[in-house]
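Scroll down for the structure; my scribbles are underneath it.
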Amino acid sequence: MVRTMSLLRALLSTARGVRHAPHLADGLAPDHAVLLDAPDERLAPALVAAALGDHEPAAKLLAATRGAAEWESRDRYVTRLAAFARGRDEWLAGWLAATPHDPDALLVRAEVAVRRAWESPARAERLLGLRPLIEAAAEAAPRDPVPWRLALDHARGTHASHGAFEALWEQAVRRAAHHYGCHVAALKYLSAQRRGAHRECFDFAEQAAADALPGSLVRALPVRAAFARLTAGDAGSVREERIDAAADLAIELSGRYPVADPWPAEVRNVLVYVLAGRARWAAALDQFRLIGPYATSFPWSSESEDPLGRFLDARDGVRLEVASAVPMRGRAGRGRPGGHYA
């Protein structure tokens, strides 16, 4: 009898999924339209030009972000340009040859060098030799917090002491008190200090989020901490209520941005990962709709060498979970309450 009831539940769940899943695809970007790490309209022309060996659009873009103190955009663009330069750096070499003291070229060069060293088996030793590159980028643009974010990453990779890291952190927040990239770097440093440091990470992330203005990406810091806790599998280190509160705060932040906006795409991708990890299927499906076609490598690359495929699989899985919760005589819109446990 028990086996019969179990089979019946499985059959009903599958039937509900087949019946309601197509309807629940409403508002989701088709699989073929989903892009991985798609550049925004400002970065795309710079990447196209770089592919042709022309550094001028990248130089103008980064100079504009520096002049307007658009530090979040600057950090994002430097990261993406450096990622491109790791495979094709002729344009960067030409840029440095033409203007060897350009603060933007120096910053991209330092970012590329740190990324390459980070993937080396001799990471700490290779990173130690890169401090002069980071210092040159910082000295060339004294107001810019992005070289200090890079210095924080460098400190984590070289196992810098707490005192050394705090000195770098002071320099970073002096330039931009709520810079998201610097806060993420600090969160990663805390996490790397000892196994199971999730309480300390949550304490830092929650305080930083509380101090940030509405709409600031720093308010997504707790959901980054929640992601780290979920992927570590350290079930007892942080109460589940804190994880859900972090997700709720990120849901509020996500709601401040338009649907299919590339700017909060990574935050939304991390958020949907956490919501799925908490089996909050309806809320996760809502976020997939807000994500639109903008999949990001992080967090999906943490568990697959095909992050786009993992994103699509996760989206299908969430859709089927929501569909299976709909009563056979109900409608797809009467699933579990949004933002709660499934």
Do [X] and [Y] have side-chain N/O donor and acceptor atoms under 3.5 Å apart?
| X | Y | result |
| --- | --- | --- |
| Q207 | D203 | no |
| E303 | Y273 | yes |
| Y294 | N269 | no |

Under 3.5 Å, side chain of [X] to main-chain N/O of [Y], donor-acceptor pair present?
| X | Y | answer |
| --- | --- | --- |
| T99 | W95 | yes |
| S304 | S301 | no |
| E200 | L190 | no |
| R74 | L62 | yes |
| S191 | L187 | no |
| R268 | L290 | yes |
| R66 | D144 | no |
| R156 | L152 | no |
| S254 | A250 | no |

(request) Could you walk me through whether R219 and R256 pass side chain to side chain contact (heavy atoms under 4.5 Å, CB included), step by step? (result) CA-CA 12 Å; R219 291 177 68 81; R256 292 178 174 271; 5.8 Å; no

Measure the shortest side-chain to side-chain distance between [X] and [Y] over non-hydrogen atoms and say whether it is less than 4.5 angstrom.
| X | Y | value |
| --- | --- | --- |
| L81 | L47 | yes |
| W71 | H178 | no |
| R123 | L127 | yes |
| R224 | Y180 | yes |
| L92 | V112 | yes |
| R149 | D153 | yes |

(message) Before we go on, tell me: are the rings of F204 and Y189 under 6.0 Å apart, centre to centre?
(response) no

Give a yes or no on whether [X] and [Y] share a hydrophobic cluster (residues Ile, Leu, Val, Met, Phe, Trp, Tyr; joining criterion: side-chain heavy atoms under 4.5 Å apart).
| X | Y | answer |
| --- | --- | --- |
| L271 | L28 | yes |
| V173 | L217 | yes |
| L43 | V267 | no |

(request) Take the angle between the ring planes of F311 and W300 and call it parallel below 30°, perpendicular above 60°, tilted in between. (result) perpendicular

(request) Just say parallel, tilted or perpendicular for the rings of W169 and H183, cut-offs at 30° and 60°. (result) perpendicular

(message) Does V108 form a side chain to side chain contact (heavy atoms under 4.5 Å, CB included) with H55? I'd like the steps, not just the answer.
(response) CA-CA 12 Å; V108 176; H55 67 270; over 6 Å; no

(request) Taking the six-membered ring of W263 (Phe, Tyr or Trp), confirm whether the NZ or CZ of R76 is under 6.0 Å from its centre and within 45° of its axis. (result)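 Yes - R76 lies over the ring of W263, closer than 6.0 Å to its centre and within 45° of its axis.
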
(message) What verdict does the salt bridge (Lys or Arg N to Asp or Glu O under 4.0 Å) test give for D316 and R319, after you've listed the backbone C-alpha separation in whole Å, the side-chain angles of each residue and the deciding distance to 0.1 Å?
(response) CA-CA 5 Å; D316 287 343; R319 190 158 54 92; 3.4 Å; yes

(message) Using a strict threshold of under 4.0 Å (side-chain N to carboxylate O), is an ion pair present between R315 and D31?
(response)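 A salt bridge is present here (some side-chain N lies under 4.0 Å from a carboxylate O).
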
(request) Walk me through it: do D40 and R80 pass the test salt bridge (Lys or Arg N to Asp or Glu O under 4.0 Å)? (result) CA-CA 11 Å; D40 65 20; R80 295 295 304 278; over 6 Å; no

(message) Quick one, W118 with H154, criterion ring pair (Phe, Tyr, Trp, His ring centres under 6.0 Å). Give me CA distance, side-chain angles, the key distance, then yes/no.
(response) CA-CA 9 Å; W118 199 268; H154 179 270; 8.9 Å; no

(request) Mind running salt bridge (Lys or Arg N to Asp or Glu O under 4.0 Å) on E111 and R115 for me, showing each step along the way? (result) CA-CA 6 Å; E111 181 79 35; R115 280 174 167 260; 3.5 Å; yes

(request) Using the side chain to side chain contact (heavy atoms under 4.5 Å, CB included) rule, take C182 and R175 through it: C-alpha gap first, then chi angles, then the decisive distance, then the call. (result) CA-CA 11 Å; C182 289; R175 287 161 175 79; over 6 Å; no

